[in-house]
Amino acid sequence: MSKQIQRVTGMQDVLPEDRRYWDAVIAAAERVAGRFGFQRMELPIIEAEELFSRGVGEGSDFFVQKEMYTLTEPDGSRITLRPEFTAGFMRAYIQNGMSNWTQPVKLYTIGPSFRRERPQAGRLRQHSQFNCEVLGEDDPAADVEVMMLAMSLYRELGYTGLTFQLNSTGCPVCKPVYIKALVAYLDGYREQLADIDKERLSKNPLRVLDSKEKGMDALLAGAPRIADHLCDDCREHFAEVRGLLDELDQTYTINFRLVRGIDYYTKTVFEVWQEGIGAQAALCGGGRYDGLAEDIGGPPTPGVGFGSGVERIVLGMKEQGIALPPAPPVPFYLAHFGGATKMAATQLAFRLRAAGIPARLAFSRRGRSLKSQMREADHLGARYVLIVGEDELTQGQVTARPLAGGEQTRVPAGELVAWARARLDE
RNA sequence: GCGGGUGUGGUGUAGGGGUUAACACGUCUGGUUGUGGCCCAGAAGAUCGUGGGUUCAAGUCCCACCACUCGCCCCA
């Protein structure tokens, strides 16, 4: 037991039963993204460490060292398992000269990313994410498009009762001014702050806004709000985003405590929340990052997007009691008695498969009772058991027994494929 | 990195110092010659997370470690 090799901490096996949820999520994501005119692409799972360490800016070195999977190559270069997608998209946009394409470029991808943190509900070290980005566009309509894409996905999957959290995080012009005002306010209450919040106050003041310490709700209710400190450009942008959402009848909650600590985030930030999937209620998080391209050594390029974890969407679906379409049944099960009948059954199974018809063949080295084969077929949920016995063999036939009930019939072996195809869409 | 909870067949549990570790579900086989589900009978499957300690005796008590889990930190 103890010597068995076990799953690495924070990794997950997704068993077939659960994987069906993934199918549903991924299929819906592709449908919706396609409908919105986004194209799928693949990004490498490994990128240069600098892509992430530079991209996240200073003041965030802590998690860069502690929470990324980074390896050193023999030549000394350092490579990292991607902890997010946005930086990779921006890198790809720049490197592939996408700024010369018709703008904006609308892309999405689905795949794994990695973070070395203590696992908890809906937060594993490897998780899969659906990620959409609009690159090369600063129109607030792009922000809204991305938001509506996320909401459309959840609606399509059958979600109800989600709350849409919206805020603006300002830009390099107005954000620093706001931070000053916030710090000035919080300084006045320094003695009331928990140790952790005092630390945040000096390291990354915006984070105090989403403090979970008790008493903070009341204290922060009186704090200065970013919305009152936005520069003209950001204020107009935010107003247009809200106006478009109103126009679309998309309800939202302005959440002045919704923040992004990283510098390259500008203007729009949003999350979609759902109760009951653990401490992390966010189904997706996104926003605008007009400063990112320059951070990673590219020309100024606006962008907006969001990421949504597949595992968390699945958790949420279960939480909401969203049912999946039933698993596809095994339509045909080939039973036999060994020897020549096994040869014939094998032959028929492959003939069915070659014709695109799913068929399951009974296995056994020494021959098995029909009973046990029937039982297996039943457990598999097979619709028909096709019995190939001595009798059938000599007459060039197959016995077709419907498991759901009904008469058992004989089918000439030569007509089996046509017969099976006809049963398939009953 | 920090804190809480939990570790007994595949799954869910019982057993709280006394020797063959129990039950349910699941799996497999059989219930006459070639027919599933229900029922019946039987079988396989657990060194009780690991290591140490206390004791004549340890799933049972003690310690440590590990894993899982929930949360904190952090959140790209």
Rounded interatomic separation in angstrom, taking [atom1] from [X] and [atom2] from [N]:
| X | N | atom1 | atom2 | value |
| --- | --- | --- | --- | --- |
| A:Arg312 | B:C70 | CZ | C1' | 14 Å |
| A:Gln373 | B:U29 | CD | C1' | 14 Å |
| A:Arg116 | B:C73 | CZ | C1' | 16 Å |
| A:Glu213 | B:C73 | CD | P | 7 Å |
| A:Glu133 | B:A76 | CD | P | 13 Å |
| A:Met68 | B:A76 | CE | C1' | 9 Å |
| A:Arg260 | B:A76 | CZ | C1' | 9 Å |
| A:Gln6 | B:C68 | CD | P | 8 Å |

Return yes if the base of B:C74 and the side-chain atoms of A:Arg118 contain a donor-acceptor N/O pair under 3.5 Å, otherwise no. no
If you go through the side-chain atoms of A:Arg207, does one of them form a donor-acceptor pair with the base of B:C73 closer than 3.5 Å? no
Inter-nucleotide [atom1] distance ([N], [M]), Å rounded:
| N | M | atom1 | answer |
| --- | --- | --- | --- |
| B:C61 | B:G15 | C1' | 16 Å |
| B:G71 | B:C63 | C1' | 26 Å |
| B:G49 | B:G5 | C1' | 16 Å |
| B:U8 | B:U50 | C1' | 14 Å |
| B:A24 | B:C2 | C1' | 40 Å |
| B:C28 | B:C56 | C1' | 42 Å |
| B:A44 | B:G7 | C1' | 25 Å |
| B:U35 | B:G30 | C1' | 15 Å |

So which nucleotide from B:C74, B:U29, B:C75 ends up closest to the side chain of A:Arg368? B:U29
Base, sugar-phosphate, or nothing: which does [X] touch, judged by heavy atoms less than 4.0 Å apart?
| X | answer |
| --- | --- |
| A:Thr9 | sugar-phosphate |
| A:Ser369 | sugar-phosphate |
| A:Arg383 | nothing |

Base-pairing string, 5' to 3', of RNA chain B - Watson-Crick or wobble, under 3.5 Å, | interstrand: ((((((((.[[[[.)..(...]]]].(((((.......))))).....[[[[[..)....]]]]])))))))....
Ring pair (Phe, Tyr, Trp, His ring centres under 6.0 Å) filter on A:Tyr21, not counting sequence neighbours, yields none
Would you say A:Leu361 and A:Lys342 make side-chain contact, with heavy atoms under 4.5 Å? no
I want to check one thing: is the phosphate of [N], taken as OP1 and OP2, less than 4.0 Å away from some side-chain N or O of [X]?
| X | N | value |
| --- | --- | --- |
| A:Gln120 | B:G71 | yes |
| A:Arg7 | B:A67 | no |
| A:Lys203 | B:C74 | no |

Among residues two or more places apart or on two chains, list those pairs meeting ring pair (Phe, Tyr, Trp, His ring centres under 6.0 Å) that have a residue in residues 282-304 of chain A. none
Got a sec, which pairs hit ring pair (Phe, Tyr, Trp, His ring centres under 6.0 Å) with one end in residues 80-99 of chain A, sequence neighbours left out? none
Check side-chain hydrogen bond (donor to acceptor under 3.5 Å, both in side chains) between A:His229 and all other residues, then give those that pass, not counting sequence neighbours. none
Taking A:Glu311 for its side chain and A:Ser128 for its backbone only, find out whether a donor-acceptor pair lies under 3.5 Å. yes
Show which side-chain atoms of residues 409-417 of chain A pair as donor or acceptor with protein atoms under 3.5 Å away, not counting sequence neighbours.
from     : atom 1 : to       : atom 2 : distance (Å)
A:Arg410 : NE     : A:Thr399 : OG1    : 3.1
A:Arg410 : NH1    : A:Gln397 : OE1    : 3.0

chi for B:G53 classified (syn = within 90 degrees of 0, anti otherwise) as anti
chi for B:G16 classified (syn = within 90 degrees of 0, anti otherwise) as syn
Where protein sits on nucleotides 33-40 of chain B, one letter per nucleotide: B base, S sugar-phosphate only, - none, heavy atoms under 4.0 Å: -BBBB---
Which residues share a salt bridge (charged side-chain N to carboxylate O under 4.0 Å, His left out) with A:Arg78, sequence neighbours left out: A:Glu49
Pairing residues for A:Arg423 by the salt bridge (charged side-chain N to carboxylate O under 4.0 Å, His left out) criterion, not counting sequence neighbours: A:Glu426
Position toward the 5' end of RNA chain B (nearest nucleotide), A:Ile196 or A:Pro119: A:Pro119
Closest-nucleotide mapping onto RNA chain B: is A:Glu117 or A:Met11 further toward the 5' terminus? I mean the 5' end. A:Met11
Do A:Asp138 and A:His237 meet the criterion of a side-chain donor-acceptor pair at a distance under 3.5 Å? no
Please confirm whether A:Phe130 and A:Tyr108 have ring centers closer than 6.0 angstrom. yes
Value for OG (A:Ser369) from CE (A:Met374), rounded to nearest 0.5 Å, stands at 10.5 Å
